[in-house]
Amino acid sequence: MNANAVTSTEDPSSPPTVPCTVVWCCGRPYVLEGRAGRARWMGTDYRGRPEALSSAELQRRGWSHRRAS
């Protein structure tokens, strides 16, 4: 994990907001791709197909900085 990563100040359970940050959700990695006003979390679904999630969807599904063991 990047020691310089910044998370949202509103809610500590919110996903990070720094582009290129990696988090884990449902056992799969997601990377934050950021554009002005269009940030999205990119990963793959259970079949390996590209999947884009919003921060709200990532938070609903549950996320972590570490891969579940």
Side-chain angles (χ1 to χ4, degrees):
M1 179 174 81
N2 182 351
N4 296 325
V6 177
T7 59
S8 173
T9 56
E10 296 86 36
D11 182 3
S13 65
S14 294
T17 57
V18 178
C20 300
T21 300
V22 177
V23 298
W24 293 86
C25 179
C26 303
R28 293 180 301 274
Y30 287 82
V31 177
L32 181 60
E33 291 184 348
R35 288 190 215 165
R38 296 289 225 155
R40 63 183 180 172
W41 291 93
M42 291 301 300
T44 58
D45 67 9
Y46 68 97
R47 291 183 148 185
R49 298 175 296 200
E51 178 176 46
L53 300 177
S54 67
S55 290
E57 181 64 24
L58 189 74
Q59 193 168 0
R60 275 192 295 276
R61 291 184 182 194
W63 65 276
S64 172
H65 284 288
R66 296 187 181 98
R67 183 177 184 178
S69 48

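The model shown is predicted, which means the values in this text are computed figures rather than measured ones.
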Participant: Between SG of Cys25 and CZ of Arg60, what distance do you get to the nearest 0.5 Å?
Facilitator: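 Output value for this atom pair is 11.0 Å.
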Participant: So, for Trp63 and His65, which heavy atoms are closest and what is the spacing to 0.1 Å?
Facilitator: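 Looking at all heavy atoms of both residues, the closest pair is CZ3-NE2, 3.6 Å.
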Participant: Once side-chain contact (heavy atoms from CB on, under 4.5 Å) is applied, do any residues pair with Pro29, and if so which ones, sequence neighbours excluded?
Facilitator: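 Pro29 satisfies side-chain contact (heavy atoms from CB on, under 4.5 Å) with Val22, Trp24 once adjacent residues are dropped.
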Participant: Provide the closest heavy-atom pair for Val18 versus Thr21 in the form atom of the first, atom of the second, distance.
Facilitator: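 Looking at all heavy atoms of both residues, the closest pair is O-OG1, 2.5 Å.
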Participant: With sequence neighbours left out, write down each residue that passes salt bridge (charged side-chain N to carboxylate O under 4.0 Å, His left out) with Arg47, or none if nothing qualifies.
Facilitator: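 Per chain and number, Arg47 pairs via salt bridge (charged side-chain N to carboxylate O under 4.0 Å, His left out) with no residue.
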Participant: Using the side-chain contact (heavy atoms from CB on, under 4.5 Å) criterion, which residues pair with Leu53? Sequence neighbours excluded.
Facilitator: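 Only Tyr30, Trp41, Glu51, Glu57, Leu58, Arg61 meet the side-chain contact (heavy atoms from CB on, under 4.5 Å) criterion with Leu53.
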Participant: Say you draw a straight line from CG of Leu32 to CE of Met42; how long is it, rounded to the nearest 0.5 Å?
Facilitator: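 If I round to the nearest 0.5 Å, the distance is 11.0 Å.
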